[in-house]
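Report on the following structure.
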Amino acid sequence: MSATPTPAARRISTRAFTLWALGIALVIATVVSIWASSNPDGLEFVAQAVGFGSAAHDSATAGSPLADYTVAGLDGNWLSILIVGVVGCGITFALAWLLGRLARRG
């Protein structure tokens with residue numbers, strides 16, 4: 001019995017990998033953010049559980065257009081949460097890409 005040689009592993013281009021990763025991140029950000037934003041984050045949960053949640057103050061960005069996982073004018077709407085997830089993912093991707101480009105030059 002002879003062993004059949006396995007074909008060489010196909011290499012994926014950096015561009016294809018990046019686009020696939022961005023697509024997967026966008027799907028996760030849009031789907032998961034709908035459920036995640038309806039619950040308090042870890043810090044808020046602990047503050048409420050321990051009893052100092054009432055001492056919280058609004059942050060400096062509380063008046064921003066995407067504060068509290070909502071888009072101004074679409075408060076409490078699933079579309080608002082979806083938009084914030086996509087925008088947040090896009091901003092994070094853009095910053096990571098820019099940082100990668102800068103690191104590549106150095």
Side-chain angles (χ1 to χ4, degrees):
M1 189 189 241
S2 67
T4 306
T6 59
R10 247 180 97 194
R11 292 187 53 88
I12 186 168
S13 71
T14 303
R15 179 172 290 176
F17 174 80
T18 303
L19 290 175
W20 272 99
L22 177 60
I24 291 169
L26 282 170
V27 168
I28 291 171
T30 56
V31 172
V32 173
S33 67
I34 292 171
W35 288 289
S37 64
S38 64
N39 299 314
D41 64 17
L43 184 58
E44 287 176 358
F45 178 79
V46 170
Q48 291 170 0
V50 174
F52 64 89
S54 61
H57 300 284
D58 283 341
S59 72
T61 61
S64 69
L66 303 177
D68 265 349
Y69 297 102
T70 59
V71 176
L74 295 176
D75 295 340
N77 190 335
W78 66 269
L79 181 61
S80 172
I81 297 167
L82 185 121
I83 291 169
V84 171
V86 169
V87 169
C89 189
I91 290 171
T92 302
F93 174 79
L95 290 173
W97 180 82
L98 181 63
L99 192 62
R101 296 288 289 185
L102 292 173
R104 187 185 226 174
R105 289 184 185 175

Taking Ala16's backbone N and O only, do any of them form a donor-acceptor pair with Ser13's side chain (distance below 3.5 Å, no angle check)?
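Yes.
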Check for a donor-acceptor pair, side chain of Ser54 on one end and backbone N or O of Gly51 on the other, with a separation under 3.5 Å.
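No; judged by distance alone, with no hydrogens or angles, the pair does not exist.
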Decide whether [X] and [Y] are clustered together by the hydrophobic rule: side chain heavy atoms of Ile, Leu, Val, Met, Phe, Trp, Tyr closer than 4.5 Å, transitively.
{"X": "Leu26", "Y": "Phe17", "result": "no"}
{"X": "Leu19", "Y": "Leu98", "result": "no"}
{"X": "Leu99", "Y": "Ile91", "result": "no"}
{"X": "Val31", "Y": "Trp20", "result": "no"}

Can you tell me how far [atom2] of [Y] sits from [atom1] of [X], rounded to the nearest 0.5 angstrom?
{"X": "Cys89", "Y": "Ile28", "atom1": "SG", "atom2": "CD1", "result": "9.0 Å"}
{"X": "Leu79", "Y": "Thr70", "atom1": "CG", "atom2": "OG1", "result": "12.0 Å"}
{"X": "Thr30", "Y": "Ile81", "atom1": "OG1", "atom2": "CD1", "result": "11.5 Å"}

Could you report the tightest heavy-atom contact between Ala29 and Gly85, atom names first, then the distance?
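Nearest heavy atoms, Ala29 then Gly85: CB-O, 3.7 Å.
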Least distance between heavy atoms, Ser80 atom then Val71 atom
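In this case the closest contact between Ser80 and Val71 is OG-N, 2.5 Å.
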